[in-house]
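This report concerns only the one structure given below.
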Amino acid sequence: MAFSEDAHEITADGHFQRQANRFTGRFGDQPGEFPVEAGRYRLIWSQTCPWSQRAVIARALLGLEDVISVGEVGPTRSDHGWTFAKSLTGLDPVLVVADLPTIYQRSDPSYTGRATVPAVVDLTTGKVVNNDYFTLTNQLEVAFKPLQKADAPDLYPEELRADIDALNDIIFHEVNNGVYKAGFAQSQVAYEEAYDVLFKRLDWLEERLGHQRYLFGDQLTDSDIRLYVTLARFDVAYYPVFHTNRNLLRDFPNLWAYARGLYQKPEFGDSTNFTGIKQGYQLLNEVANPYNILTVGPDEKDWLVPDQRQFN
């Protein structure tokens, strides 16, 4: 099993090429799908990881807290992957394991990729059934609809799904994964390519959010969750560590106000731990940070300034 991106995800010319998701199980009542049942699944996540935070945000918005339990790995990866170091016993209290690779090996002994979060574990087998962050929030939004709270928002409305999917694809390749393409690049050309694409798209999003509250007008959607998790990490992680330093999030008036407005919603803010994020990206990096110094700023109180954008 791999324990770093260097093992299988860097091309010969220095580009970062993220591994495919191994566990792509679907939830529903059709043949081959995993049944939608309260209490059957456990979502493993990390404060550091944007892919897993977006599942936690969707779970909270939809009122699925009593339907799907959560287990949390520590903010920093050990030499052997994500561990349950935050637990008092060092074990996940439900799965009774010390680290995520153990669950992946149990699920597929032949697996050679990294053990990643989010990971949805079926408690009836103790195996991972989904680590597919491409579709996981959509499945929570659609397949788990019968178990959502009565006033749950429609984050993936049928009439917008094609448009949401198209925008999500852009956001993933050019922003969500774009920062990693820059940060993990092992050639100057690969880094500059990713850098240019990222900021061109952020400029485009800045313009879009100058005319509307959310990415699709006044309606909060799945796309907003996906963009938020990258914006929340931008100034404390991607700017200093991944060298995406043309400007800070705070230098984009609309994106910065938009991100603050989302953060101030408890479903977003409660799972946004800036200290955990900084630990995950800044510590245990012997080359870039040999003395394990954790930055103090920026001031988190700035995130409490209201979104004061005005629209006609």
Side-chain angles (χ1 to χ4, degrees), residues 15-21 23-28 30 33 49-59 61-62 116 118 120 130-145 148 152-183 193-234 238 244 249 252 254-259 261-262 265 267-268 307 309 311:
H15 288 77
F16 172 59
Q17 191 171 74
R18 185 173 293 278
Q19 68 179 25
N21 296 317
F23 301 97
T24 57
R26 307 287 301 186
F27 300 96
Q30 299 302 308
E33 295 182 333
C49 173
W51 320 109
S52 64
Q53 187 192 9
R54 62 197 205 184
V56 170
I57 291 171
R59 171 180 172 268
L61 285 167
L62 299 171
T116 57
V120 178
N130 187 288
N131 73 338
D132 185 15
Y133 51 80
F134 285 113
T135 67
L136 182 54
T137 55
N138 297 146
Q139 294 198 64
L140 297 179
E141 292 152 0
V142 179
F144 280 82
K145 197 171 188 65
Q148 295 171 13
D154 189 356
L155 299 171
Y156 195 46
E158 288 193 52
E159 69 276 10
L160 288 178
R161 285 181 191 174
D163 292 333
I164 289 173
D165 290 345
L167 183 57
N168 284 354
D169 190 61
I170 291 171
I171 290 173
F172 170 76
H173 288 290
E174 300 184 9
V175 181
N176 298 148
N177 200 41
V179 291
Y180 291 92
K181 290 178 183 178
E193 285 178 4
Y195 179 101
D196 290 342
V197 169
L198 168 66
F199 282 102
K200 182 178 180 179
R201 184 56 62 186
L202 288 176
D203 288 338
W204 181 84
L205 290 164
E206 168 73 7
E207 172 65 20
R208 181 174 181 137
L209 289 166
H211 305 286
Q212 54 196 43
R213 179 70 55 200
Y214 303 117
L215 290 171
F216 287 94
D218 292 329
Q219 183 170 6
L220 183 71
T221 68
D222 183 79
S223 296
D224 296 297
I225 297 173
R226 296 184 187 221
L227 178 57
Y228 168 80
V229 295
T230 296
L231 299 183
R233 288 159 176 75
F234 201 88
Y238 304 137
T244 56
L249 171 65
F252 291 101
N254 297 321
L255 280 168
W256 173 220
Y258 162 82
L262 292 175
K265 297 179 183 295
E267 297 89 352
F268 289 78
D307 174 1
R309 289 174 298 151
F311 310 103

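Everything quoted here is computed from the prediction, not taken from an experiment.
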**Message:** What's the separation between atom CZ in F16 and atom CD in Q19, rounded to the nearest 0.5 Å?
**Reply:** 8.0 Å

**Message:** Just checking E159: does its CD atom have more than 12 heavy atoms from other residues, nucleotides or ligands closer to it than 6.0 angstrom?
**Reply:** yes

**Asked** What heavy-atom pair brings L262 and F268 nearest, and what distance separates the two atoms?
**Response** O-CB, 3.0 Å

**Least distance between heavy atoms, G25 atom then N130 atom** = O-ND2, 2.9 Å

**Message:** Under a 3.5 Å cutoff, is there a donor and acceptor pairing between the side chains of T137 and R59?
**Reply:** no

**Request:** Rounded to the nearest 0.5 Å, what's the gap from OG1 on T116 to CG on N21? Could you check?
**Result:** 6.0 Å

**Request:** Answer yes or no: is there a side-chain heavy-atom contact under 4.5 Å between Y238 and P50?
**Result:** yes

**Request:** Indicate yes or no: at least one non-hydrogen side-chain atom of R54 is less than 4.5 angstrom from one of Y133.
**Result:** yes

**Message:** Quick one: does any side-chain atom of Q219 pair with a main-chain N or O of D154 as donor and acceptor, under 3.5 Å?
**Reply:** yes

**Asked** If you take all heavy atoms of A194 and G178, which pair is closest and at what distance?
**Response** CB-O, 4.0 Å

**Under 3.5 Å: donor-acceptor pair, side chain of Q148, backbone of L62** = no

**Asked** Taking side chain as C-beta onward, heavy atoms only, is F311 less than 4.5 Å from D218?
**Response** no

**Request:** Kindly indicate whether the side chain of T221, heavy atoms from C-beta on, has any atom under 4.5 Å from the side chain of Y214.
**Result:** no

**Prompt:** Is it true that a side-chain atom of R226 and a backbone atom of I171 form a donor plus acceptor pair closer than 3.5 Å?
**Reply:** no

**Message:** To the closest 0.5 Å, what do you measure between CG (L155) and CG (D224)?
**Reply:** 9.0 Å

**Message:** Atom CD of residue position Q17 - does it have more than 12 heavy atoms of other residues, nucleotides or ligands inside 6.0 Å?
**Reply:** no

**Prompt:** Got a donor-acceptor contact below 3.5 angstrom from the R309 side chain to the A257 backbone?
**Reply:** no

**Item:** Cation over ring face, R208 and F216, 6.0 Å, 45°
**Value:** yes

**Message:** Check whether E267 reaches the backbone of I57 with its side chain - one donor and one acceptor, N or O, closer than 3.5 Å.
**Reply:** no

**Asked** When you look at Y258 and F252, which way does the ring pair (Phe, Tyr, Trp, His ring centres under 6.0 Å) test go after all the steps?
**Response** CA-CA 10 Å; Y258 162 82; F252 291 101; over 10 Å; no

**Request:** Measure from NZ or CZ of R18 to the centre of the six-membered ring of Y180 and say whether it is under 6.0 Å with the direction within 45° of the ring axis.
**Result:** yes

**Taking every non-hydrogen atom, the tightest pair across N254 and G210** = ND2-CA, 3.3 Å

**Test: D307 and R213 ion pair at under 4.0 Å** = yes

**Request:** Provide the closest heavy-atom pair for Q53 versus V229 in the form atom of the first, atom of the second, distance.
**Result:** OE1-CG1, 3.5 Å

**Message:** Under a plain distance cut-off of 3.5 Å, with no hydrogens placed, do Y156 and D165 share a side-chain donor-acceptor pair?
**Reply:** yes

**Message:** Nearest 0.5 angstrom please: L231 CG to L249 CG, how far?
**Reply:** 5.5 Å

**Item:** Residue pair T135 / D132, side-chain donor-acceptor N/O under 3.5 Å
**Value:** yes

**Prompt:** Shortest non-hydrogen contact from A55 to L140?
**Reply:** O-CD1, 3.8 Å

**Message:** Taking the side chain as everything from C-beta on, heavy atoms only, tell me whether L255 gets closer than 4.5 Å to F234.
**Reply:** no

**Message:** Return the CD1 to CG distance between I170 and L227, rounded to the nearest 0.5 Å.
**Reply:** 12.0 Å

**Prompt:** When you look at F134 and N168, which way does the side-chain contact (heavy atoms from CB on, under 4.5 Å) test go after all the steps?
**Reply:** CA-CA 9 Å; F134 285 113; N168 284 354; over 6 Å; no

**Message:** Within the 4.5 Å heavy-atom criterion, are N131 and W51 side-chain neighbours or not?
**Reply:** no

**Prompt:** Under 3.5 Å, is there a donor-acceptor pair between the side chain of Q212 and the main chain of L215?
**Reply:** yes

**K181 side-chain N/O to H173 backbone N/O, donor-acceptor pair under 3.5 Å** = yes

**Item:** Minimum side-chain heavy-atom gap I164-P157 below 4.5 Å
**Value:** yes

**Asked** Does N138 reach the side chain of R161, with side-chain heavy atoms less than 4.5 Å apart?
**Response** no

